Amino acid sequence: MKQKIKGFIKDALIYGVGDALGKLTNLLLLPILSRIFTPADYGVVDLLTASYIFLFMTLNFNVLTGFQKFFFLNQEENRKVLVSSTIGCYFVFYAVISILLIGGAKYISCAFFGSDLYVTPIIFLAICMPIEGLYDALTILLRLKRLSVAFSVVNICRLILTILISYCCVVMFEFGISGVFFARLIALFVITSYLLLFLLKEFSLNFSFKMYKRMFLFSIPGHPDIIIKSFMSVLPLLMLKHFSTLTEVGLYGIANRIAQTLTLFINAFQKAWNPFAFEHADKPDEANLYSKVYKLFFAVIVFLGLVLTIFAKEVIEILTPREYHSAYTLVGGLNLYYGLLGLNLIYSTIFYTKNKVKYTSLLTATHLFIFFVMASLWTGRYAAPGLLAALNVSIFINVILYHCFGTHLLKFKVQIGRLALAFGVACGGVVILDHLTVPLVGRIVFKSIYLIVFMGALPITILNSNERKALVEFLKGRFRIESRGVT
C-alpha cells in the first residue's frame, strides 16, 4: 500500500512541476500583456481563448479518457494498433473542423464582437486545433508510458517557446491580439513535431476500426459531461459580457489567471490519478487507496488555495497596472470554485471504473442548470460578485451529489468533519487577514506567519491519531537516514 501511494505521489509531483511550468504561460505573460492591452482587450483575448477551449473539448467525444482505460487492456502489438487508430482518427477529425472554422472566421468574428477585426486570431486558433489534438493525445501517451520526466520537459519547452515568441510578436513586431495566438500556434507546432518523432515507435502501421469503435462507444456516454464542463468554462465570460462590459470580463480574466494556478496542481493530480486509478480498479485495496488519496488531495487544495487567496492582492499589484488592481477581490471566490470542482475528479473516476459513465453527464448537467438559473438572477444585479456566488453555490451542491453517488458505488471513507474544520479555519484566516491595515511588508509578514502556523496545524486537523503516528514515524525515519548520510 505504502509503495503504491509513494509511486503515485512521485508521479504527481513530477507531473505537477512540468504541468505547472508548462501552463504558467498566461501568468508569466501578464506583466507584459497588461501593459500593452486595455482590460477590454484582455476581455477579447479571454473570450477567444475560452471559446476555443470549449469548442476543442466539445468535439473530443471523450475519446482520450476511454483511450487511457483500453491502453491497459491491450498488450504489445494490439496496444500499438490502438494508439495508431485513436490518434489518427483524432487528428483527422480536428483537421476537418479546422477547415470549416477557417471558412467561417469572418462570420464568427461578426457574431461575437460585431465586427471583422478578429478574423486573423480566429484563423490562427482554427489552425491550432488539429495540432492541439495531436499534442494532447501524445502527452497522454507519455503519461500512460510513465514517462513523467519527459512530460515535464515537453511542457517546460512549450512554456519557454511561447513566452519568447509572444514577446517578439506582441512587443517587438506589434501584432496586437493576433500575436498572442500566432505565438501559441508556432510553439505548439514545434513541440508537437518533436513529440511525434519521439513516440513514433509506439505506433503501428495497422489500423483497427473495430478496436476504435469499441473504445469510442465506451467513452461517448461521458461526453455530455465534458461538453457541460467545457461550457461552464466559457459561460461565465459570456454572461459577464451580456450583463456587464468587456472591461468587467477583462478584470474577471485577470483574477481567473491567478486562481487558475490552483488548477495546475489539480491537472497534475489528474494526470497521475487517472492511470493510477484505472490500474488499481477492482483490487482489494481500492477503497483504502481512494480514502488516503482523497484526504491528501483535499489538504493540498486547501493549502494552495489559501496561499493564492491571501496573497492575491500583492501579486496583482506587482504584476499589473493600477486599472487591474480591483480584480484581487475575485480571486478567493474563484479558488473556492476550482477547489470544489477538483474534488469531483476522484468521484468521477469511480463512475468510469464501475462502468457508470452516464452518471457524470447527469450530475454535470444538474450543475449547469443550477448555475445558469442563479447566475441569471444575480449577475445582472451584482456583476462579477453575483457570478461568483452562483458558481460556488452550484458547485457545492454538485460536490454533495457526486459524493453521495460515488460513495454508494465504492465504499471509501471520507472524514467530512475533519475536512470541514480545516476548510473553516482557512476561510476564517482569509477574512481576518483581508482586514489588515498595515503597510505592504507588514501584510506579507503577517500572512506568511499565518501560513506557517496553518501548515503545521493542517495534519493535526485532518489526520486521525493512527495516521499522525505513522507520519511522525515516517519523518523520524527520514531524519535518521539523512543524519547517517551527513555523518
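These numbers were taken from a predicted model, which means no experiment stands behind them.
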Per-pair distances, 0.1 Å, donor-acceptor, side chain in residues 163-191, under 3.5 Å, sequence neighbours excluded:
residue, atom, partner, partner atom, Å
Ser166, OG, Thr162, O, 2.6
Arg184, NH2, Glu132, OE1, 3.4

Side-chain contact test, heavy atoms from C-beta onward, threshold under 4.5 Å: evaluate it for [X] versus [Y] and give yes or no.
| X | Y | answer |
| --- | --- | --- |
| Lys292 | Asn288 | yes |
| Cys157 | Leu161 | no |
| Ile301 | Tyr338 | no |
| Arg143 | Gln68 | yes |
| Tyr359 | Leu409 | yes |
| Ile462 | Gln415 | no |

Only distances under 3.5 Å count here; give the side-chain donor-acceptor pairs of residues 446-454 to other protein atoms, sequence neighbours excluded, each with its distance to 0.1 Å.
residue, atom, partner, partner atom, Å
Lys447, NZ, Ile310, O, 2.6
Lys447, NZ, Glu314, OE1, 3.2
Lys447, NZ, Glu314, OE2, 3.0
Ser448, OG, Ile444, O, 2.7
Tyr450, OH, Val425, O, 2.9

My understanding is that only residues two or more places apart in sequence, or in another chain, count here; which of them pass side-chain hydrogen bond (donor to acceptor under 3.5 Å, both in side chains) with [X]?
| X | value |
| --- | --- |
| Lys413 | none |
| Thr366 | none |
| Asn62 | Thr65, Tyr352 |
| Lys356 | none |

Does the separation of the ring centres of Phe303 and Phe298 fall below 6.0 angstrom?
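Judged by ring-centre distance (under 6.0 Å), Phe303 and Phe298 do not meet the cut-off.
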
Taking the six-membered ring for Trp and the single ring otherwise, decide whether the centroids of Tyr402 and Phe351 are under 6.0 Å apart.
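Yes: the rings meet the under 6.0 Å criterion.
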
List the steps, then state whether ring pair (Phe, Tyr, Trp, His ring centres under 6.0 Å) holds for Phe265 with Phe297.
CA-CA 10 Å; Phe265 163 72; Phe297 185 50; 5.6 Å; yes

For a quick test of your reading: what N or O donor-acceptor pairs under 3.5 Å do the side chains of residues 384-391 make, sequence neighbours left out?
none

Distance-only donor-acceptor pairs under 3.5 Å for side chains of residues 371-380, two or more places apart:
residue, atom, partner, partner atom, Å
Ser376, OG, Phe372, O, 2.7
Thr379, OG1, Ala375, O, 2.7

Taking atom types as modelled and ignoring hydrogens, do the side chains of Asp41 and Thr38 form a donor-acceptor contact shorter than 3.5 angstrom?
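A pair is found: one side chain offers a donor N or O, the other an acceptor, under 3.5 Å apart.
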
Please collect all side-chain hydrogen bond (donor to acceptor under 3.5 Å, both in side chains) contacts where either partner lies in residues 318-328, sequence neighbours excluded, each pair once.
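Every pair satisfying side-chain hydrogen bond (donor to acceptor under 3.5 Å, both in side chains) with a residue in residues 318-328: there are none.
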
Acceptor/donor pairs from residues 236-250 side chains to any protein atom, 3.5 angstrom cut, sequence neighbours excluded:
residue, atom, partner, partner atom, Å
Lys241, NZ, Phe112, O, 3.3
Thr245, OG1, Thr247, N, 3.4
Thr245, OG1, Glu248, N, 3.2

How far does CZ of Phe311 sit from CD1 of Ile258, to the nearest 0.5 angstrom?
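One finds 13.5 Å between CZ of Phe311 and CD1 of Ile258.
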
Which distance, rounded to the nearest 0.5 Å, do you find between the OG1 of Thr49 and the OH of Tyr42?
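Answer for the OG1-OH pair, Thr49 versus Tyr42, is 9.5 Å.
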
Strictly below 4.0 Å, N to O, side chains only: are Arg257 and Asp46 in salt-bridge contact?
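Yes, this pair counts.
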
With a 4.0 Å cut-off, would you call Arg443 and Glu317 a salt bridge?
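Yes, charged N to carboxylate O under 4.0 Å.
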
Mind jotting down which residue pairs meet the salt bridge (Lys or Arg N to Asp or Glu O under 4.0 Å) criterion with at least one end in residues 395-411? Sequence neighbours excluded, please.
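Qualifying pairs, neighbours excluded: none.
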
Name every donor-acceptor pair, under 3.5 Å, that has one atom in a side chain of residues 339-349 and the other anywhere in the protein, sequence neighbours excluded.
residue, atom, partner, partner atom, Å
Asn344, ND2, Asn398, OD1, 2.8
Tyr347, OH, Tyr294, OH, 3.0
Tyr347, OH, His403, ND1, 2.8
Ser348, OG, Asn344, O, 3.1
Ser348, OG, Leu345, O, 3.0
Thr349, OG1, Trp273, NE1, 2.9
Thr349, OG1, Leu345, O, 2.8

